[in-house]
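Order of listing sets the numbers, starting from 1, for every ligand and every atom in it.
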Amino acid sequence: MAKWTTDDLPDLTGRTVVVTGAGRGLGLITARELARAGARVVLGVRDVGKARAAVAGLPGTFDVRPLDVADLASVRAFAGSWSGPLDVLVNNAGVMDVPAARTADGLDRQTTTNHTGPFLLTNLLLGHVTDRVVHVTSQLHRRGELDLGDLDWRTRAYHGMAAYQASKLAVVLFSLELQRRLDAAGSPVRSVLASPGIARTALAAHSRSNVVNRFRFLTNSPEQGALSVLYAATADVPGNAYVGPAGPGGLRGGPAVRRAGKAGLDAALARRLWDATAGLVEAAAR
Ligand SMILES: NC(=O)c1ccc[n+]([C@@H]2O[C@H](COP(=O)([O-])OP(=O)(O)OC[C@H]3O[C@@H](n4cnc5c(N)ncnc54)[C@H](OP(=O)(O)O)[C@@H]3O)[C@@H](O)[C@H]2O)c1
């Protein structure tokens, strides 16, 4: 499995995939490769013009639509306009270690981009999903600490990296609880996690605390990083599988099914996080 490449992608003709944040970085590579394998790829992006330019001339079928996952109205509009089956939803859009900021809904920008927005998007689209939801998380979820009483960084002093790590732990726990609910409902839909390791994208360009900037020898090319996402989106993996690079520390190498960190396997915490996140979404709507 560690030698898996994009040449191993199955024929995806007739399948529809949504990739969020697909105008650049890992999302663009994921969209490009899924389309090359035959899927109709819907790119949910903030900058439609830029994304159209990025996929112009690439082989395959692309449909670029506006989506700001940190804006709950935008999430609702994207999901509300969906019709027909959606085989795979790839929640890829994300930010890392960004300064404190509030969204139009008054929510923490980083937590909403990485977790709360994708939580709402997934729940709104779930009735259309036929195969799976892929959540792009990070090995840094292992360092995540969740404060369910202050998930949205209102009462604590904000810390960019701590918020990133917590949001990526939230993604892992969201997948766990989503899979539990799907199983309980007898649904064949899978919830799958993908960790790109460390890939040299723009994600950490502004972040002084990130290893991408300090230890290039530990890093993947963006093409390698996207392999975990592509494998999670297409391979026959079990529900709530954690797909990440096979190499030491899950940082580099070909995709393999690995194990999430201990906190990411805490089913009771996952249920409480679901309720806390739903509470944030409800409060924002009031
Ligand atoms: N690179 C790594 O080493 C690494 C490691 C672990 C996990 N990840 C995860 O992989 C995913 C992709 O990251 P990347 O490395 O490809 O970073 P990137 O090159 O910075 O790309 C991030 C993408 O997310 C989009 N995005 C950000 N905020 C958004 C919003 N509110 N609504 C819609 N799209 C939004 C960006 O769109 P704009 O062009 O509009 O900004 C961009 O397309 C992220 O979830 C990240 O946490 C990456």
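Those atoms of ligand 1 with a heavy atom of Ala202 less than 4.0 angstrom away are 19 (O), 20 (O). Heavy-atom proximity to Gly197, at under 4.0 Å, picks out these atoms of ligand 1: 3 (O), 5 (C), 6 (C). Close approach of ligand 1 to Ala93 (heavy-atom distance below 4.0 Å) involves ligand atoms 24 (O), 26 (N), 33 (C), 34 (N), 35 (C), 45 (O). Distances below 4.0 Å separate heavy atoms of Gly25 from the following atoms of ligand 1: 16 (O), 19 (O). Close approach to Ala70 involves these atoms of ligand 1, each under 4.0 Å from a residue heavy atom: 31 (N). Atoms of ligand 1 lying under 4.0 Å from at least one heavy atom of Tyr164, given by number and element, are 6 (C), 7 (C), 8 (N), 46 (C), 47 (O). Every atom of ligand 1 with a heavy atom of Ala199 under 4.0 Å away is listed here by number and element: 1 (N), 2 (C), 3 (O). Against a heavy-atom cut-off of under 4.0 Å, Asp68 is close to the following atoms of ligand 1: 30 (C), 31 (N), 32 (N).
The local environment of CZ in Arg180 is crowded, with over 12 non-hydrogen atoms from other residues, nucleotides or ligands closer than 6.0 Å.
Below 3.5 Å of separation, one finds no N or O of Val45 facing any N or O of ligand 1. The shortest N or O to N or O distance between Val95 and ligand 1 is not under 3.5 Å. For ligand 1, the polar-atom distance check finds no N/O of Ser138 at less than 3.5 Å from any of the ligand's N/O atoms. Every N/O-N/O distance between Gly27 and ligand 1 stays at or above 3.5 Å. Considering backbone and side-chain N/O atoms, Asp47 never comes within less than 3.5 Å of an N/O atom of ligand 1.
The two residues Arg142 and Tyr242 have their closest heavy-atom pair at NH2-CE2, 4.0 Å. Between Pro245 and Asn220 the shortest heavy-atom distance is CG-ND2, 3.9 Å.
Of the options Asn240, Val237, Asp131, a side chain to side chain contact (heavy atoms under 4.5 Å, CB included) to Val192 is made by Val237 and by none of the others. Among Asn92, Thr113, Val75, the single residue meeting the side chain to side chain contact (heavy atoms under 4.5 Å, CB included) criterion with Thr20 is Asn92.
To the nearest 0.5 Å, atoms CD1 (Ile29) and CZ (Arg36) are separated by 12.0 Å. For the atom pair CZ (Arg65) and CG (Leu43), the distance works out to 10.5 Å, reported to the nearest 0.5 Å.
A donor-acceptor contact closer than 3.5 angstrom is absent between the side chains of Asp152 and Thr111. In the model, Ser228 has no side-chain atom that pairs as donor or acceptor with a side-chain atom of Ser195 under 3.5 Å.
In Lys168, the part holding a heavy atom less than 4.0 Å from any atom of ligand 1 is the side chain.
Of the candidates Asn92, Val136, Leu26, Thr137, Asn92 brings a heavy atom nearest to atom 45 (O) of ligand 1.
In this structure, Thr113 is part of the shell of residues with a heavy atom less than 4.0 angstrom from ligand 1. The closest approach between any non-hydrogen atom of Gly225 and ligand 1 is not below 4.0 Å. Not close to ligand 1: Gln139, with no non-hydrogen atom less than 4.0 angstrom away. Ligand 1 lies out of reach of Arg109, whose nearest heavy atom is not under 4.0 Å from it. Ligand 1 has no atom lying under 4.0 Å from any heavy atom of Met96.
Here the side chain of Gln110 pairs a donor or acceptor atom with the backbone of Asp97 at under 3.5 angstrom.
Because its NZ or CZ atom is not both nearer than 6.0 Å to the ring centre of Trp274 and within 45° of the ring axis, Arg271 does not count as a cation-pi partner of that residue.
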What do the steps show when you test Glu177 against Arg181 for salt bridge (charged side-chain N to carboxylate O under 4.0 Å, His left out), and what is the final call? CA-CA 6 Å; Glu177 174 62 8; Arg181 288 173 179 240; 2.7 Å; yes
